[in-house]
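To start, the structure itself, in C-alpha cells.
Computation of the quantities below employed the complete heavy-atom set of this structure, encompassing side-chain atoms and omitting hydrogens, waters and symmetry-equivalent molecules. One-based numbering, in listed order, for ligands and for the atoms of each.
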Amino acid sequence: MAHQWRGVLREYADRLNISDATPIVTLGEGGTPLIPAPALSARTGARVWVKFEGMNPTGSFKDRGMTMAVSKAVEAGAKAVICASTGNTSASAAAYATHAGITSAVLVPEGKIAMGKLAQAIAHDAQLLQVRGNFDDCLDIARELAANYPVHLVNSVNNDRIEGQKTAAFEVVEVLEDAPDFHIVPVGNAGNYSAYFRGYSEELARGISTKLPRMFGFQAAGSAPIVLGHVVKHPDTIASAIRIGNPASWELAIAARETSDGYFGAISDDMILEAHRILSAEVGIFVEPASAISVAGLLERSAAGEIPAGATVVLTVTGHGLKDPQWALRAADGSDVTPTSVAVDTDEIADVLGLVKATA
Ligand code: F0G
C-alpha cells in the first residue's frame with residue numbers, strides 16, 4: 001500500500017509524551033512542504049526556504065499542537081475543550097474536537113477575526129462566542145473558565161500545544177539534514193517561536209543537527225509588546241492573527257532568543273502587505289497577512305545587512321491565504337483590484353491579453 005503521512009503523533013511517537021493509552025486524534029497534520037524560494041534568495045543573497053504551514057488540514061500550523069492537545073484532553077477524560085483565539089486556533093480546536101466526538105467552545109474578539117476562520121469554527125460545530133473585547137481579554141476568560149469549570153484549555157499555555165508544534169522543527173532538520181542558520185516566524189503569543197526553539201534544541205541534543213538556528217521573530221508594529229518590552233493595551237494591525245498585546249509565552253520566548261542569539265523586530269502593516277504581494281506574485285505561495293511578516297522580516301534584516309550571503313534561512317508561513325483572501329484584491333496603492341470584463345470573443349480576448357497570432 002502506498003505510504004500515507006500518519007500525522008505528527010504517529011510519525012514522532014518516540015519524541016512526544018504519548019503512550020498506548022493515548023487515543024490519537026488526528027486529521028493527518030504535519031509533513032508540510034519546505035519549499036525553496038528562488039525569488040527571495042535572489043533578493044537577499046541567502047538560501048531561502050519556506051515552510052508552508054497553510055498546508056495543514058485546517059490551513060494553519062495550529063493543527064500540530066491541536067492533535068496533541070485534544071488527544072491528551074480525551075485521554076484525561078475531557079468532554080469539552082475551550083480556547084481564546086484570533087481565528088486559527090478556534091478553527092483547529094473545533095475541527096479536532098468534533099473529530100474526537102467532544103465539544104468545543106471558542107472565544108474570539110468580536111469583528112476582529114478573518115471570515116474564513118469564523119466560518120471554519122462554525123462549520124465544525126464550535127460554540128463560538130464573539131467577545132466585545134480583544135484577544136487578551138478572551139484568553140483571560142478562557143483561563144478562568146478552565147480553572148473553574150469542566151472544560152479543558154487548548155491554548156498554547158497548555159504545554160501539549162507547544163510539544164505538538166515542535167515537530168515542525170524536526171521536519172525542517174530532516175529535509176535540510178541540519179538546522180538552518182536562521183529561522184524566522186511571526187509572533188503573537190510567541191508559542192510557535194518557543195516550539196521551534198524547543199524542537200531545534202532537541203535535535204541538537206540528539207546529535208542530529210550541528211547547531212541551533214538564530215531564532216528571529218516578528219510582531220506587527222501596532223502590536224509589538226515583546227519588541228517594546230511592555231504590554232500593549234490596545235493592539236492594532238491588519239494582521240489580525242497576531243493582534244495580541246500580552247503574549248502568553250513571553251518568558252519562554254525571551255529565553256529562546258537569548259540562547260539562540262535571536263532577535264525580535266516590528267514590521268509596519270504596509271511592509272506586511274508588500275511582503276504578502278512578493279510571496280504571492282514572485283514565489284507562488286498564498287498566505288494570510290500575519291504569515292507574510294516572516295518574509296517582511298527577512299527583507300528588513302537583509303536590508304540592514306544582518307543576513308550573510310549564502311546563509312540558510314527558513315521562513316515559517318503559518319496560515320493559508322484562503323482564510324483571509326481580501327488583501328490580495330488590494331493593489332499596492334490601496335485601490336481595489338477589479339478584473340477586466342470581456343465579451344465572448346476570441347479576437348477581443350487575444351487583443352486584451354496582448355497576444356499576437358503566430359504566423360505559419
Ligand atoms: N500566524 C498565524 C496565522 C496565527 O494564527 C498565529 C496565532 C501566529 C502566527 C502567531 O503564533 O501565537 O504562537 O506566536 N494565532 C493564535 C490564534 C493566537 O488564536 O489563532 P503564536
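Nearest protein heavy-atom contact of atom 13 (O) of ligand 1 is Asn192 N, 2.8 Å. Nearest protein heavy-atom contact of atom 16 (C) of ligand 1 is Lys62 NZ, 2.9 Å. Thr86 OG1, 3.4 Å is the protein heavy atom nearest to atom 18 (C) of ligand 1. The protein heavy-atom contact nearest to atom 2 (C) of ligand 1 is Thr318 OG1, 3.3 Å.
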Should Lys72 and Asn17 be marked as a side-chain contact (heavy atoms from CB on, under 4.5 Å) after you check the CA-CA gap, both sets of side-chain angles, and the distance that decides it?
CA-CA 9 Å; Lys72 296 298 276 185; Asn17 176 27; 3.8 Å; yes

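Ligand-side atoms of ligand 1 in range of Val187: 14 (O), range being under 4.0 angstrom from any heavy atom. Ligand 1 places these atoms under 4.0 Å from at least one heavy atom of Thr89: 16 (C), 17 (C), 19 (O), 20 (O). Counting atoms of ligand 1 from 1 in the listed order, those under 4.0 Å from a heavy atom of Ile242 are 8 (C), 9 (C), 10 (C). Taking a cut-off of under 4.0 Å to the non-hydrogen atoms of Asn88, the atoms of ligand 1 that pass are 2 (C), 3 (C), 4 (C), 5 (O), 20 (O). For ligand 1 and Gly191, the ligand atoms under 4.0 Å from any heavy atom of the residue are 13 (O), 14 (O), 21 (P).
Checking Arg161 against Asn189 by side-chain atom types alone, no donor-acceptor pair falls below 3.5 Å. Counting only N and O atoms by type, the side chains of Ser335 and Asp333 include a donor and acceptor under 3.5 Å apart. Residues Lys51 and Thr32 have side chains that bring a donor and an acceptor to within less than 3.5 angstrom of each other. Side-chain contact, Asn192 with Glu53: no donor N or O sits under 3.5 Å from an acceptor N or O. With hydrogens and angles left out, the side-chain atoms of Thr312 and Arg47 include a donor and acceptor closer than 3.5 Å. With no hydrogens or angles considered, no side-chain donor-acceptor pair links Ser60 and Thr318 at under 3.5 Å.
Residue-to-ligand polar distances keep Gly319 apart from ligand 1: every N/O pair is separated by 3.5 Å or more. The shortest N or O to N or O distance between Lys117 and ligand 1 is not under 3.5 Å. The shortest N or O to N or O distance between Asn189 and ligand 1 is below 3.5 Å. Of the N or O atoms in Tyr193, none lie within a sub-3.5 Å distance of an N or O in ligand 1. Looking at Glu288 next to ligand 1, no N or O pair under 3.5 Å apart turns up. Annotation: Ser90 places no N or O atom under 3.5 Å from an N or O atom of ligand 1; distance criterion only. For ligand 1, one of its N or O atoms has an N or O atom of Ala190 under 3.5 Å away.
The residue from Ser85, Ala241, Ala290 that puts a heavy atom closest to atom 4 (C) of ligand 1 is Ala241.
Ring planes of Phe218 and Tyr263: tilted class, angle from 30 to 60°. Taking the six-membered ring for Trp and thresholds of 30 and 60 degrees, His183 and Tyr196 have ring planes inclined between 30 and 60 degrees apart.
Of the heavy atoms in Ile244, only side-chain atoms (C-beta onward) come closer than 4.0 Å to ligand 1. Only the side chain of Phe61 comes within contact range of ligand 1, with a heavy atom under 4.0 Å; no backbone atom does.
Geometric assessment of Arg257 against the ring of Phe264 yields a negative cation-pi assignment under the 6.0 Å and 45° thresholds.
By the criterion of side-chain heavy atoms lying less than 4.5 angstrom apart, applied directly or through intervening Ile, Leu, Val, Met, Phe, Trp or Tyr residues, Ile113 is not grouped with Phe135; the two fall into different hydrophobic clusters.
No side-chain donor-acceptor contact under 3.5 Å links Ser90 to the backbone of Ser85.
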